[in-house]
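Just so it is clear, the values below take in all heavy atoms, side chains as well, and ignore hydrogens, waters and symmetry mates. Naming convention: chains lettered A, B, ... in sequence-line order (proteins, then strands); numbering from 1 in each chain.
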Protein chains: 4
Amino acid sequence: MAKGKQVRKSASTRGAARPVRKRATPALTPDEREARTNALLAAALDVFLERGFESARLDEVAQRAGVAKGTLYLYFPSKEALFEALIGSLIASPFQAAGEVLLKQDVPAETMLRGLLHFAKTEILATRRKDVARLIISEAGRFPELAAFYHREVIGRGMGIVRSIIERGVKSGEFRSDAAARFPQLVVAPILVAIVWTGLFDRVQKLDTSGLLDAHADLLIAGLKGGTQ
Amino acid sequence: MAKGKQVRKSASTRGAARPVRKRATPALTPDEREARTNALLAAALDVFLERGFESARLDEVAQRAGVAKGTLYLYFPSKEALFEALIGSLIASPFQAAGEVLLKQDVPAETMLRGLLHFAKTEILATRRKDVARLIISEAGRFPELAAFYHREVIGRGMGIVRSIIERGVKSGEFRSDAAARFPQLVVAPILVAIVWTGLFDRVQKLDTSGLLDAHADLLIAGLKGGTQ
Amino acid sequence: MAKGKQVRKSASTRGAARPVRKRATPALTPDEREARTNALLAAALDVFLERGFESARLDEVAQRAGVAKGTLYLYFPSKEALFEALIGSLIASPFQAAGEVLLKQDVPAETMLRGLLHFAKTEILATRRKDVARLIISEAGRFPELAAFYHREVIGRGMGIVRSIIERGVKSGEFRSDAAARFPQLVVAPILVAIVWTGLFDRVQKLDTSGLLDAHADLLIAGLKGGTQ
Amino acid sequence: MAKGKQVRKSASTRGAARPVRKRATPALTPDEREARTNALLAAALDVFLERGFESARLDEVAQRAGVAKGTLYLYFPSKEALFEALIGSLIASPFQAAGEVLLKQDVPAETMLRGLLHFAKTEILATRRKDVARLIISEAGRFPELAAFYHREVIGRGMGIVRSIIERGVKSGEFRSDAAARFPQLVVAPILVAIVWTGLFDRVQKLDTSGLLDAHADLLIAGLKGGTQ
DNA sequence: CATGAATGAGATTTCATTCAT
DNA sequence: CATGAATGAAATCTCATTCAT
C-alpha cells in the first residue's frame with residue numbers, strides 16, 4: 001500500500017517552501033494577535049486607498065504586512081470582511097464622545113461651532129480618518145450596508161450634534177438663522193470639500209484646509225448671526 | 001466566400017445614398033460612426049456608474065450599446081481609453097460659457113451667486129453630470145491625469161468664476177467679507193455634499209438638495225454681507 | 001488624460017499571448033459548437049474517471065480537449081456544471097427504449113432475461129457507460145441530487161423492467177420463484193460486480209465479465225425455475 | 001525558558017509511573033499512543049467517509065480526534081499515509097478466520113453458503129465495514145496499491161472460500177452447477193449491491209438488505225441445485 | 001511530545017483583449 | 001467594418017505540511 005497513482009505530484013507539492021520565517025507557531029498572545037491584526041489593517045488601508053476595493057490585491061496587503069498570503073485568511077475570512085473590518089476599526093468612537101463633551105460645556109454656540117470645526121481639523125483632516133472617509137465615499141456606492149452603517153454611526157450623529165448646537169444658538173438669541181439647523185450638512189460641507197480635494201487635487205493644487213475651515217467658520221457664523229431668515 | 005470584400009477601397013465611399021447593403025461591409029458614414037460612439041459612451045456611463053471602473057464589464061457595455069464586444073475595440077482601444085473618453089465627453093462645455101454669460105450681466109453679485117447655485121441645481125444635480133462628478137470623485141484617485149484634467153477644465157474655471165463674482169461684490173461694497181474669494185470652494189461645498197449624499201445615503205435618508213442649496217445661498221450671502229473680516 | 005497611476009501594469013497584462021490558434025472566432029455553427037461541447041465532455045470524462053471529481057483539474061480537461069482554460073467556461077459555467085452535464089449526457093436514453101422493446105416481444109421470460117443481460121454486456125460493459133456508472137458510484141455520495149437523478153432515470157426504470165419480466169415469467173408458469181420480482185437488484189447485481197471489478201481489480205486479476213454474466217444467467221434462471229419459494 | 005527540555009533523552013522513559021506531569025513533556029506509554037492512534041483513525045474514517053479522500057480536511061480529522069493538527073503528523077506522515085493506515089486497520093482479520101472455521105465444520109454446503117451470507121449481514125452490512133468497503137470502491141481507482149492490497153487480503157480470500165464451498169457442494173452431489181465455483185463473485189454480488197445501494201440511494205429508496213440476501217440465498221441455492229450445467 | 005500559526009503552491013474562475021472569418 | 005469565440009494572465013481563496021516554542 002503506498003503512493004497511489006498520483007494524488008499529488010510529489011509528496012510535497014503543496015505546503016511550505018521553508019523560507020526565512022522569523023517566528024513561527026506557538027500560541028499567540030492576544031497582544032500578538034492584535035498587533036498582527038493591526039498590521040494587516042494598516043497595510044489594507046494603504047492598499048485600499050491606493051487602489052480602491054476592486055483593484056486592491058490581497059497579495060500586496062499581505063506583503064506589506066509582512067506575512068504570507070494565507071496568513072491573511074487566518075485573520076479575515078475574505079477580502080470583503082477585511083474591508084469591512086478596516087472601515088469599522090477606523091470610524092468608531094471619538095465623535096459621539098466629543099460631541100457630548102462639547103454640548104455639556106457652558107459656552108456660546110459660536111465657540112462650539114468653532115470647536116467642532118477645529119475638531120474636524122485635528123481629528124479628521126490631520127489623521128487617517130480623512131482617508132477612510134474618502135475610501136467610503138469612493139466605495140460605499142457598491143457597499144450599501146457600509147453606507148448605511150456609516151450613515152448611522154458617523155453622519156447621523158454628527159448631524160445631530162450640529163443641529164443641537166445651532167438650535168441652542170438660536171434659542172439663546174445668538175443666531176438669527178436656523179438654516180443650518182435644517183441643513184446641518186452646510187456646517188460640515190467644507191470638511192467634505194477638504195477631504196475630497198486632498199484626495200484628488202492636492203498634487204495639482206494644494207488646498208490650505210485649515211484656512212478653508214477658518215474662513216468657513218467666520219462666514220458661517222456671520223451668516224447665522226446676520227441672517228434674517 | 002462570396003462575402004463582399006472588394007467594396008470600399010478608398011476611404012470616401014461615404015457621401016453615397018446608402019443603398020441596399022445586406023449588412024456585410026457597410027462603410028459607415030461619419031454620422032453613423034458618431035452615433036455608435038455615443039451609444040457606446042452612454043452605455044459605458046451607465047455601467048461605470050453602477051459598477052465603478054474596475055468592476056465594470058466591457059461585455060455589458062457592448063451589450064447595452066447593442067454591439068459585439070469586439071466592435072467596442074474599433075471605437076476605443078482599451079477600457080481605460082473608453083473611460084477617459086467618457087469623462088472627457090461629459091464634463092466639457094457648459095460651465096465656462098455659463099460663467100461668462102453670468103459675469104457679463106449687470107446684476108448684483110448676490111444675484112449672480114444665486115444664479116450660480118441655481119445653475120448647479122438644474123445643470124448638475126438634475127442631470128447625469130452629478131453622476132459623472134461622483135464617478136470622478138470615486139475613481140480619479142487612481143487616474144491622476146483624469147484628476148488633473150478635471151481640475152483644469154472644470155474645477156479651476158468654476159473657482160475662477162466664483163472668485164470673480166465675489167471680488168466684484170466686494171469691490172461694489174455689496175460684500176464685506178472676501179473669505180469666499182480666497183476660498184471659492186466654500187461657495188460650492190454644498191453642491192459637493194449634494195452629489196455625494198445622493199450617491200451614498202439617499203436610500204437611507206433622502207436629502208432635499210434644492211432646499212439645501214437655497215439655505216446655503218441665504219446663509220452664504222448673509223455671511224458675505226455681514227462678515228467683518 | 002491618459003494612463004493613470006497603474007490600473008494595470010502594462011496595457012496588456014491581462015488578455016492573450018497570441019499563440020498558434022488554429023481557428024479563431026466567427027460565429028460557430030451549432031454543429032461546431034456541439035462538436036466542441038462533445039470534445040470537452042469526452043475530455044472531462046477521461047479526467048474525472050482518472051482523478052475523481054475533486055482531484056480532476058479543469059486545466060487538464062481543457063488541455064485534453066485542445067482548448068484554453070477559459071474556453072471551457074464558454075461551454076460550462078462551473079466544474080460542477082461540467083460534471084453534471086457529463087453525467088446527464090451519458091446515462092440518458094437507450095434503457096427505457098430497450099426495455100419497452102423487450103417487453104413488447106412475445107418471447108419467453110427467460111429469453112427476455114438473457115436479452116437483458118446481453119444488453120448489459122454490449123451497451124454498458126462494452127462502452128463508456130460502465131465508466132460513467134463507476135464515476136457515479138464513486139461520487140454520488142457527495143452529489144445527492146445526482147444520486148437521486150440517477151436513481152430516477154436509470155435505476156428505477158431498470159428495476160421496473162426487470163420486475164415486469166419476472167412477473168410475466170411467474171404468471172406464465174415459467175418461473176416458480178418471485179424472489180427476483182421482489183428484489184430485481186438480484187438480476188443486475190453481477191453487472192455491478194463487473195463494473196466495480198473492472199475499475200478496481202482488472203490490473204491485478206482480469207475478470208471475464210462476459211462469462212460472469214452468462215454463468216449468472218444460467219444460475220439465475222435455474223433458480224427462478226426451480227425455486228420453491 | 002524553564003520549560004523542561006532535558007527530560008526524555010532516551011526513547012524509553014516510558015514504563016514509568018506517570019507522576020504529576022504538568023502537561024509539558026509527557027512521554028507517552030504505548031497504550032496512550034495507541035489510544036491516540038485509534039482516535040485519529042476513527043476520526044479519519046468519519047471524515048473520509050463523509051467527504052472522500054480529496055475533500056477530507058485534516059483539520060477536521062484532528063479536531064474530531066481532539067488533537068491539534070500538528071499532532072496528527074506525529075502519528076502519520078501524510079494524508080495519504082493516514083488514509084492507507086485507516087484502510088489497513090479496518091479490513092484485516094475476521095474474514096480468513098471465519099472462512100476457515102466455516103470450512104472446518106461438517107455441514108452441507110448449502111448451510112455454509114447461508115452462513116456466509118449471514119456473516120456478511122452481521123459482520124459487514126451491519127458494521128462500519130460496509131462503509132470502508134464503499135470508501136475503497138470510491139477511492140481505490142486512484143490508489144492502485146490499495147486496490148491490490150484489498151484484492152489480495154480480502155477479495156482473494158473471500159473468493160477462495162466461496163469457491164471451496166461450492167466445490168465441496170459439487171463434489172458431494174449437493175450442487176449440480178459449478179457456475180459459482182468459476183465465478184464466486186456471483187455469490188457475493190448482492191452484498192456489493194447492498195453496500196453500494198446503501199451509500200447512494202437509501203435516502204431515496206430504502207433497500208431491505210437482509211431480505212435481499214435471503215432472497216439471494218434461496219435463488220442461488222435453487223440455481224446451484226437445479227442447474228444442469 | 002504537542003501545539004497551532006504560518007506558509008505558499010495550486011485550484012477555480014473572470015474578463016480585457018485579439019483576430020479569423 | 002463587425003463579429004464573438006478564444007485566449008491566458010491574474011485574482012481570490014484553500015489546505016497539506018512545517019517548525020519554533
Going by the rule side-chain contact (heavy atoms from CB on, under 4.5 Å), which residues pair with [X] if we only count those two or more places apart in sequence or in a different chain?
| X | value |
| --- | --- |
| B/Y73 | B/L58 |
| A/Y75 | A/L28, A/R33, A/R36, A/T37, A/L40, A/T71 |
| D/A81 | D/P77, D/S78 |

Taking only N and O in the side chain of [X], is any of them less than 4.0 Å away from OP1 or OP2 of [N]?
| X | N | value |
| --- | --- | --- |
| A/R36 | E/dA5 | no |
| A/Y75 | E/dA5 | no |
| B/R57 | E/dA16 | yes |

Practice task
For D/A56 and for A/D59, find the nucleotide of DNA chain F with the closest heavy atom, then tell me which residue's nucleotide is more 5'.
Solution key: A/D59

From the set [options], return the single nucleotide nearest to any side-chain atom of [X].
| X | options | result |
| --- | --- | --- |
| D/V67 | F/dA2, E/dT3, E/dA6 | E/dT3 |
| C/T71 | F/dA6, E/dT7, F/dC13 | F/dA6 |
| C/Y73 | F/dC1, E/dT13, E/dA6 | E/dT13 |

Problem - Inter- and intrachain pairs under salt bridge (Lys or Arg N to Asp or Glu O under 4.0 Å), touching residues 63-78 of chain D, at least two apart - result: D/E50-D/R64, D/D59-D/K69, D/E60-D/R64

Practice task
Please state how far atom CG in C/L74 lies from atom P in F/dG8, giving the value in whole angstrom units.
Solution key: 13 Å

Practice task
Write down the distance between CD (A/E32) and P (F/dA20), rounded to a whole number of angstrom.
Solution key: 16 Å

Practice task
Assess whether one donor atom and one acceptor atom, taken from the side chain of D/K69 and the base of E/dT3, lie less than 3.5 Å apart.
Solution key: no

Practice task
Go through the N and O atoms of the side chain of C/K79 and the base of E/dT13, and report whether any donor-acceptor pair is under 3.5 Å.
Solution key: no

Handout entry: Pair C/F53-C/F143, ring-ring contact (aromatic ring centres under 6.0 Å, His included): steps then yes or no
Key = CA-CA 10 Å; C/F53 179 79; C/F143 288 87; 4.8 Å; yes

Problem - Dot-bracket pairing map - DNA chain E, Watson-Crick plus G-U, both contacts under 3.5 Å, | cross-strand - result: .||||||||||||||||||||

Problem - Main-chain N/O of C/L86 paired with C/S89 side-chain donor or acceptor, under 3.5 Å - result: yes

Practice task
Ignoring hydrogens and angles, tell me if any N or O in the side chain of B/K79 forms a donor-acceptor pair with the backbone of B/R57 under 3.5 Å.
Solution key: no

Practice task
Identify the two heavy atoms, one from D/L146 and one from D/F83, that lie closest to each other, and give their separation to 0.1 Å.
Solution key: CD2-CE2, 3.6 Å

Completion exercise
What residues 38-47 of chain C contributes to the DNA chain E interface at heavy-atom separation below 4.0 Å is none

